[in-house]
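In what follows, chains carry the letters A, B, and so on, assigned in the order in which the sequence lines appear, proteins first and then strands, with residues in each chain numbered from 1. The figures here come from the full heavy-atom set of this structure, side chains too, leaving out hydrogens, waters and symmetry mates.
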Amino acid sequence: MKILIAEDDARTRAGLVEVFANEGFQTVAASNGREALTLFRANAPDVVCLDVMMPGLNGYDVCREIRKTNESVPVLFISAKSEEIDAVLGLELGADDFIVKPFGVKEVLARVRAVLRRSASAASSARSAEERREPFTLADLRIVPEELRAYRGTQVIDLSPRDVRLLAVFHANKGKVLDRDALFDAGWGAQYLPSSRSLDQHISQLRKRIEGDPRKPRIIVTVPTAGYRYDG
Amino acid sequence: MHGGAARAGGRRRLRLAALLVLMVALPTAAVAWLGARSTRFERERERLRLAEAAESALQGMAVAVRERLQADARDLDLVLEDLPAAVEELRRIGRSHRLIRQVFLVGQDGALRYPGERAEVMSAREREFLERTRAVWEQGILSGGNSAEGGAPEGGSWRSWVWGSGTSFLYWRRDGEGARGVEVEGAALLSDVIAVLPDTPLGEAGGARVVLTGMDGATLYQWGGYAPAEGAAPLAGRRLDAPLGGWSLSYYAPLGGSGAMARGSSFSVVASVAALALVLAGAGVYLWRESSRDAREALRRVSFVNQVSHELKTPLTNIRLYAELMERSLAGDGSAADERQRLRSKLEVIVDESRRLSRLVHNVLSFARRDRGALEVTPSVGIVDEAIRSLVGDFLPSLEQKGVAVELDCRAPDRVWVDSDALEQILANLVGNAEKYASGGGYLGIASLRQGETTEIRVRDRGPGVPPGQGERVFEPFYRVSNRLSDGVAGTGIGLTIARELARLHGGDVALGPGADGEGAEFVVSLHTPPAREGA
């Protein structure tokens, strides 16, 4: 999942990049409108996050330009302006959502997820095989990557892109033990070098969400000293 | 919401524009109309004046003519008194006297005796005379017409009639046998009349014309340089006195007086209308600009509020964002050394952004106080260099991040009376501006120097500088140098306004110095800082 972030304040930009990278998004960052358009055309992101007030081309202009050639990519505005007219203008220009500063991390993630989910039903462009867009099932859990969600009966569970990738690699290697390297590759790619403890922590947190009983995991099974495995 | 305000503002401006146009057009139209009327009156008065003058001139002419005619009549009387008896003598008079064409004698019964009664052969002249005067004899000369011609019982009588292309005149006196008279030479009479008419009517050369018209309306004589248009009416007219009552004089002159005068009056009307229109338009333009200025000021204030709101929300966003990121980091392992470093740098960001937020709030509050006239400085004992160092310390993380090298040259280490908070606020605004607009130059220099009771601090950068001509405008509230780079960049436009205000309250000023080497901007702060005695 690739996200393009356009924000002129350096610290806000760095903060947002960290937030999304932590969730497993690939991030591309621009500091002004022109750069945002250039990066958009070069990288074909899955979702775009635009600050409204930027020097040169502002967020509204960028959205307008993007919409000229791409009607489906989800676009969110983040803005210090909170007047109703600003939100209406943004939405009229083709944005999918409008977030007001100051925002919380949880709020931003939830909105991005929601917007991605809504756009999943629209026709999608070609994706790389790695992304595994097809829904798949792990035991009684049905994972829908495009929605970043898993379903167990009527239960709905939100997932991060990293979660989806990890579950996908488990699904693809049913019955096989996946060692730390393999899981790092799948979950973090070449971008990050987190400590091995963060892998364990992430698995532990993932289990908390998807396992019926996290203390007795059925989907992701620990293989001591070797790694983890999905049995089916 | 500001869409509505803009629309209302637009309608207001439209109404104001319409009002201004009316304000200029109506008085101008009124004055122009009045001017036209007054010009007409002027012309009418001029015409009347000229007509009066013309009439009096014609009157004078008529008097002169009458007197001349009376002189001629006296000449004729002399001849008539002494008429010879012989016909040949009478004929000779007719041939030689310039005024006399033919002598005649009339009997008591009114019948013509000479020429006519005596049966000797008539000369051709006498026969022509009879031809001409036949109607007179048939009517009876002694009866009728006399009083109408104005003949006096003692003087002679006149009779005139049109014959052919001219007028014929008879002049006679009664005598014992009837009457004796002459047919007057018309041409001689005319030339006598002309001789007494003035050469230049009213003394205006070329500006008028007088026409002498005969009984049949034919022009007998005219003079004067002015040529009236076909069918133009004369300014004045007068019939001559008897016996030339059938003749008349007409006086023609251009209406409205001479051309120069008419042009002069039109010109003055046009000039005064134009001047009025200009003055009104000037007043209108001035009012328009003032109103626009108010409108622009109002817009800038609205924009200021938006800017402030934006400015406040950016540091708030960062503070919240980084605090939550730290929370998440801490929820992880949080023990590795690099993790601690990452946490520390996030904390620095939070502290820095909090300071930025409070500087902004401080500025806005100062601005509000300044608006109320309630801004003040309260000096206490302090050290200028310390305030400088403290302030620079606050800005260092942000300056370093932007690659700006800071150079200090502090030479004000003494204890003086100074409002350190105000000084820090002034410097915060100057350094903040350098950080926002001039970090591309990679340099910030601050130098302080105390001389007597004044401390001078120079803040210099190597950024784009202030464009020429805007040196004073940058100190105006809400004013931001219009520059592509700064569109959308943070800034409320009140920083320099506050800095200058505080400096002035502190007995000094903030001014734009000449850019050193012509590149970048240099601001010079001067403050009144009397030295503090030891123990103060």
Side-chain angles (χ1 to χ4, degrees), chain A residues 5-23 31-34 51-62 78-89 99-109 193-202 204-205, chain B residues 1-6 302-303 305-329 331-339 342 345-346 348-350 352-353 356-357 397-398 401-403 435-437 439 483-491:
Chain A
I5 297 163
E7 163 64 59
D8 66 314
D9 185 80
R11 285 169 175 165
T12 314
R13 185 169 67 247
L16 282 170
V17 163
E18 190 167 330
V19 163
F20 287 105
N22 281 350
E23 287 298 300
S31 62
N32 62 64
R34 292 241 162 264
D51 181 24
V52 171
M53 280 181 68
M54 287 190 288
L57 238 48
N58 64 34
Y60 293 139
D61 297 330
V62 175
I78 40 174
S79 177
K81 293 184 174 200
S82 56
E83 301 273 342
E84 185 187 353
I85 187 77
D86 304 300
V88 166
L89 177 60
I99 312 174
V100 174
K101 287 180 184 174
F103 47 77
V105 168
K106 290 199 194 92
E107 184 187 354
V108 129
L109 285 173
L193 291 171
S195 67
S196 62
R197 287 198 64 178
S198 58
L199 174 65
D200 292 330
Q201 268 158 11
H202 200 95
S204 149
Q205 275 160 15
Chain B
M1 207 159 85
H2 33 256
V302 168
S303 157
V305 171
N306 286 344
Q307 279 298 115
V308 168
S309 152
H310 178 260
E311 289 296 283
L312 289 173
K313 288 185 181 178
T314 306
L316 280 174
T317 304
N318 287 340
I319 289 168
R320 183 169 170 187
L321 188 58
Y322 279 68
E324 290 193 17
L325 280 172
M326 282 180 67
E327 240 188 337
R328 295 191 155 217
S329 284
D333 38 44
S335 58
D338 57 341
E339 193 61 41
R342 286 215 292 274
S345 63
K346 287 195 173 61
E348 276 178 10
V349 169
I350 291 172
D352 202 48
E353 291 290 298
R356 184 166 138 193
L357 186 56
S398 170
Q401 187 179 44
K402 295 195 171 180
E435 184 215 6
K436 274 196 289 265
Y437 304 117
S439 35
N483 181 341
R484 297 229 66 131
L485 276 176
S486 62
D487 285 351
V489 167

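Of the two parts of B/Ser345, neither the backbone nor the side chain holds a non-hydrogen atom closer than 4.5 Å to a non-hydrogen atom of chain A. For B/Lys346, the part sitting under 4.5 Å from any heavy atom of chain A is the side chain, from C-beta outward, and nothing else. Interface residue A/Asp9: only side-chain heavy atoms are found under 4.5 Å from chain B.
Of all the listed residues (A/Val19, A/Ile78, A/Val108), the one sharing the greatest number of non-hydrogen pairs under 4.5 Å with chain B is A/Val19.
Here B/Arg320 pairs with B/Glu324 in a salt bridge; the nearest charged N to carboxylate O distance falls below 4.0 Å. Salt-bridge check for B/Glu435 with B/Arg356: failed, with every basic side-chain N at 4.0 Å or more from each acidic carboxylate O.
By the side-chain hydrogen bond (donor to acceptor under 3.5 Å, both in side chains) test, B/Asp352 is found to be paired with A/Arg11, residues two or more places apart in sequence or in another chain being considered. Residues passing the ring-ring contact (aromatic ring centres under 6.0 Å, His included) test with B/Tyr322, sequence neighbours excluded: none.
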